[in-house]
**Q** 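A single structure is presented below for examination.
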Protein chains: 2
Amino acid sequence: MAIAKQYTVNELLRRFQLNVTDSRKKILQLFLNQQEALAHADIEKKAGEKFDRVTVYRTLQTFVEKGLIHSIPTADNSILYALCKDDCTEGHHQDHHIHFVCEQCEKTACLDQVNIPEIKLPLGFKKEKIDVVISGICKACS
Amino acid sequence: MAIAKQYTVNELLRRFQLNVTDSRKKILQLFLNQQEALAHADIEKKAGEKFDRVTVYRTLQTFVEKGLIHSIPTADNSILYALCKDDCTEGHHQDHHIHFVCEQCEKTACLDQVNIPEIKLPLGFKKEKIDVVISGICKACS
DNA sequence: AACACATTGCAACAAAGTTGCAAAAAACAA
DNA sequence: TTGTTTTTTGCAACTTTGTTGCAATGTGTT
């Protein structure tokens with residue numbers, strides 16, 4: 001299901017079969033307003049009025065399960081979350097885009113334009129999902 | 001610097017300019033005996049006699065800094081460690097191999113044979129480092 | 001052996017994440 | 001709208017994970 005800006009937060013939540021609540025609206029809005037990926041801590045801080053830490057955990061988990069956002073593991077052992085641009089469905093994320101981590105501004109973005117070339121695995125290995133994280137200097141910083 | 005099995009643990013530690021201690025020998029031996037990547041928790045458990053949690057943290061950190069092992073971030077927000085097969089040097093890891101996570105046995109391995117194809121980034125982005133994690137079913141499980 | 005230096009383990013702490021449960025809010029039905 | 005059911009929230013208590021300072025111990029060197 002595609003997440004496009006023409007939908008309101010309420011409409012989006014409905015489309016993803018989620019009850020419309022305050023925390024979900026605020027947190028989803030955060031993602032819509034934002035280019036780069038967000039960490040749990042960012043969300044706790046930026047979500048305007050403060051929600052309980054537990055609520056943020058549970059909201060993110062729900063969003064991932066329903067396919068609104070996907071998670072990106074990072075080198076420093078934390079998880080970032082970003083909106084799923086398209087064809088992510090409940091339980092199965094198609095992250096066929098790459099993630100770019102800027103070493104200067106430390107922001108992480110999804111590069112939707114870039115395709116991941118086919119990678120041939122040795123005999124016997126079956127590929128289900130591929131995650132590519134490239135770090136370097138982003139467009140804004142160079 | 002290449003890590004080959006013909007060297008003893010002691011020799012390896014010396015070569016990487018590390019003092020030879022009990023915990024370092026035991027932990028390095030663990031990695032040498034093992035195909036797949038290890039999590040901090042695995043190491044605490046498997047390291048025969050128990051070392052303090054702090055010692056394990058510090059030993060792993062030292063090994064990463066000196067280039068004996070490299071770390072692999074995982075989707076469930078934990079870090080795995082694996083031996084560096086070759087050309088990793090102090091402070092700079094050349095992880096030009098991919099990591100494969102089996103969804104069945106949950107083991108993570110480095111596929112050294114597989115090369116990462118060139119990925120063209122949009123104008124303005126400068127690539128420094130690339131991490132590829134593929135999940136699916138491994139050879140042993142299929 | 002004696003020295004300098006590096007490493008360890010303990011304790012205390014900080015941060016991150018989880019669970020159960022009662023209260024509050026949302027959805028649903030009449 | 002009102003009442004009923006179901007979902008979500010926030011709190012408290014807890015577990016797990018990771019960090020820091022420091023005294024004691026171990027390692028390398030002469």
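These numbers come from the heavy atoms of this one structure, side chains and all, not from hydrogens, waters or symmetry mates. Order of the sequence lines sets the chain letters (A, B, ...), proteins ahead of strands, with each chain counted from 1.
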**Q** May I ask you to check whether B/H70 and B/Y81 place their ring centres under 6.0 Å from each other?
**A** no
**Q** Can the positive tip of A/R24 be found less than 6.0 Å from the middle of the six-membered ring of A/F63, inside 45° of the ring normal?
**A** no
**Q** Nearest whole Å is fine: how far is D/dT8 C1' from A/Q61 CD?
**A** 13 Å
**Q** From NZ of A/K45 over to C1' of C/dA15, roughly how many Å is that when rounded to an integer?
**A** 12 Å
**Q** Step through the shown structure and confirm whether more than 12 heavy atoms of other residues, nucleotides or ligands are within 6.0 Å of NZ on B/K120.
**A** no
**Q** What is the distance from atom SG of B/C141 to atom NZ of B/K107, rounded to the nearest 0.5 Å?
**A** 7.5 Å
**Q** Using atom names, set out every protein N or O paired with an N or O of nucleotides 5-10 of chain C below 3.5 Å, distance rounded to 0.1 Å.
**A**
| residue | atom | partner | partner atom | Å |
| --- | --- | --- | --- | --- |
| C/dA6 | O3' | B/N19 | ND2 | 3.4 |
| C/dT7 | OP1 | B/R24 | NH1 | 2.6 |
| C/dT7 | OP1 | B/R24 | NH2 | 2.6 |
| C/dT7 | O5' | B/R24 | NH2 | 3.4 |
| C/dT8 | OP1 | B/T21 | OG1 | 3.1 |
| C/dT8 | OP1 | B/S23 | OG | 2.2 |
| C/dG9 | OP2 | B/T55 | OG1 | 2.5 |
| C/dG9 | N7 | B/R58 | NH2 | 3.0 |
| C/dG9 | O6 | B/R58 | NH2 | 2.7 |

**Q** Would you say the side chain of A/R53 and the base of C/dG17 hold a donor-acceptor pair, judged only by whether the two atoms sit under 3.5 Å apart?
**A** yes
**Q** What is the distance, rounded to the nearest whole Å, between atom OH of A/Y57 and atom P of D/dT16?
**A** 15 Å
**Q** How long is the line joining CD1 of A/I27 and C1' of D/dT9, in whole Å?
**A** 12 Å
**Q** Starting at atom CD1 of B/I43, determine the distance to atom C1' of D/dT17, rounded to an integer number of angstrom.
**A** 14 Å
**Q** Please tell me whether A/I69 and A/L13 are part of a single hydrophobic cluster in this structure, the criterion being side-chain heavy atoms less than 4.5 Å apart.
**A** yes
**Q** Round to the nearest Å and state the distance from B/N77 atom CG to D/dT16 atom C1'.
**A** 12 Å
**Q** For the pair made of NZ in A/K26 and P in D/dG10, what is the distance, rounded to whole Å?
**A** 11 Å
**Q** Rounded to the Å, how far apart are A/L60 CG and C/dA16 P?
**A** 14 Å
**Q** Answer yes when B/K129 and B/D131 have at least one side-chain N-carboxylate O distance shorter than 4.0 Å, and no when they do not.
**A** yes
